[in-house]
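Just dropping this structure here.
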Number of protein chains: 2
Amino acid sequence: MADDVASTERSRGGMSEQRRRRVRLEISREAARLFWAQGVDGTSGDQIAEAVGLSTRTIWRHFRSKESCAEPIVAQSVEWELATLRSWPPRRSLEEHFATEAKRLVSEIGPSEQADAGLGIKMVRLAETEPALRTAWLMACDQVERELAGVIATRLGLRPDDLQVRLHAAATAAALRVINEYVGAGLLDGTDPRQLGDESFAFIADAVRTATGGAVGDPVHTDEAPAEPDEAAPGSCGPGPSTTR
Amino acid sequence: MADDVASTERSRGGMSEQRRRRVRLEISREAARLFWAQGVDGTSGDQIAEAVGLSTRTIWRHFRSKESCAEPIVAQSVEWELATLRSWPPRRSLEEHFATEAKRLVSEIGPSEQADAGLGIKMVRLAETEPALRTAWLMACDQVERELAGVIATRLGLRPDDLQVRLHAAATAAALRVINEYVGAGLLDGTDPRQLGDESFAFIADAVRTATGGAVGDPVHTDEAPAEPDEAAPGSCGPGPSTTR
DNA sequence: AACCCGTCTGTCACTTAGTGACAATGTCAC
DNA sequence: GTGACATTGTCACTAAGTGACAGACGGGTT
């Protein structure tokens, strides 16, 4: 918690990169708290600035608009899914990978992360009624989509801007968004977090397979011998969901 | 062409409903034209008002924000897809329906509609770089998603707020969005519209099947005897039905 | 005709989100 | 230390958007 900025890169031109993200996150926390307590319209830039202890001008230096103040806290709430997808080894199935990563996550999470996650869920909930916030949420999902395109492209051996890849990424990201909204709503309504968490892993794996027509989800063979000639023809019949559980 | 407002409903409170939509569309046309010519930031509310021949105050009476001025023209550019999905008879396949509707559309389209469609495509293109406009585009896609939920729910015999339906709708809407962006970019780059049009129909049908894991796209049997036992269990473990709600 | 009534619109004053410009401070490199 | 650069604060300013009031249009009643 001490001001140890030693080990971080600050190659040239100030302590940016890392410190900037911390400041943005700090602002975002306060903004989200106020948004949830008083609504977006009921919260002014001056209030946010005062709450975080900075001048209003500095707030606008870090965020281009009031609503976008919520972005970091929202982005962080999907960051773990993103990181999980990013670190998905080619030779593992989605279910396996999510199961192990989820375990690791549960053991590593601290109270601060938990609070942030709660704020993120609240922002997603607010986004359902506040169009201004919906932008922030959809932007975060947009980012997920972009990252997913990279992941999927790698697994299918195609380029990230390939139309098929983009379609898969978009469908998957949309499904993830719906699941996040569903799980978030459940958590706010008091559903048992543990059960909901377990459910959500199954949901995610299932949704990814479905949204990509079964093309993404199974282990892939990197070297050669595709052995799955069905991925190019997205016909009606579903793929064999080899539950590697 | 004449001011025949007779046949239209004006059940309560003035000629609204229809006239209001015309005014909004008129504003939207000019706004889109200016946005494309000078960028969003380079266009002021006063300019839009002057271009359309109204006072600035009236613009804000019709639109809650500058960017949202683009919404009607964007919404109209996806309206035909929406209408096509909406009128999709249960017993037909998606390919059949889109093919006949596309023919009908080509014969019915006029120069005004064509101009509007061009503006819509330009707005979608602009949305890739102008975050303010991206909101309008994503909002339109959001509307598509909602309508799709209804369509899919009907075809699968489920409720529109069923999680599975929402997942299918979200994935499908996302795929449609990507196709629209792809086709729009192609049109602006000078690809032959006819060929691109034919392509897009195939894309859409294909994408809908893929995005829903094959659950949506085929004719359905309304009365009974599903004859397609694969649609209920789209993945490994069917978590959906046990909604703890 | 005059009259009323409701809606739409314009004008103007006003709040607030967001920017530009400049000065003050703080930090690193030397 | 001093100079270069980045961050922040202060203040004046533009532009988005709202509230309030008044006039215009239009249609129905007598």
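So that the names make sense, note that chain A is the first sequence line, chain B the second, and so on, each numbered from 1.
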Side chain to side chain contact (heavy atoms under 4.5 Å, CB included) involving B/Ala51 - partner list, sequence neighbours excluded: B/Glu30, B/Arg33, B/Leu34
B/His62 vs C/dC8: side-chain N/O to OP1/OP2 distance below 4.0 Å: no
Gap between atoms CD1 and C1', on A/Ile27 and D/dT7 respectively (whole Å): 12 Å
Residues forming a side chain to side chain contact (heavy atoms under 4.5 Å, CB included) with A/Thr56, sequence neighbours excluded: A/Asp46, A/Ala49, A/Trp60
side-chain hydrogen bond (donor to acceptor under 3.5 Å, both in side chains) contacts touching residues 106-115 of chain A (sequence neighbours left out): A/Arg104-A/Glu108
Spacing of A/Arg22 atom CZ relative to D/dT8 atom P, expressed in whole Å: 14 Å
Distance test, side-chain N/O of A/Thr58 to OP1/OP2 of D/dT8, below 4.0 Å: no
Partners meeting side chain to side chain contact (heavy atoms under 4.5 Å, CB included) with B/Leu105 (sequence neighbours left out): B/Trp80
Value in whole Å for how far the C1' atom of D/dG9 lies from CD of A/Glu50: 15 Å
Inter- and intrachain pairs under salt bridge (charged side-chain N to carboxylate O under 4.0 Å, His left out), touching residues 130-151 of chain B, at least two apart: A/Arg134-B/Asp142, A/Asp142-B/Arg134, A/Arg177-B/Glu145, B/Arg86-B/Glu147, B/Arg134-B/Glu181, B/Asp142-B/Arg146
Positions of residues 126-140 of chain A (non-hydrogen atom under 4.0 Å from DNA chain C), listed by number: none
Under 4.0 Å protein heavy-atom contact, by nucleotide of nucleotides 12-18 of chain C - B base, S sugar-phosphate only: -----SB
Given DNA chain C, 5'-ward residue of the pair A/Arg61 and B/Arg61, judged by closest heavy atom: B/Arg61
Whole angstrom value for the distance that separates C1' of D/dT7 from CZ of A/Arg20: 10 Å
Side chain to side chain contact (heavy atoms under 4.5 Å, CB included) involving B/Pro193 - partner list, sequence neighbours excluded: B/Leu187
Min side-chain heavy-atom separation B/Trp88-B/Val216 under 4.5 Å: yes
Of all pairs that satisfy salt bridge (charged side-chain N to carboxylate O under 4.0 Å, His left out), the ones with a partner from residues 56-67 of chain B, not counting sequence neighbours: B/Arg64-B/Glu71
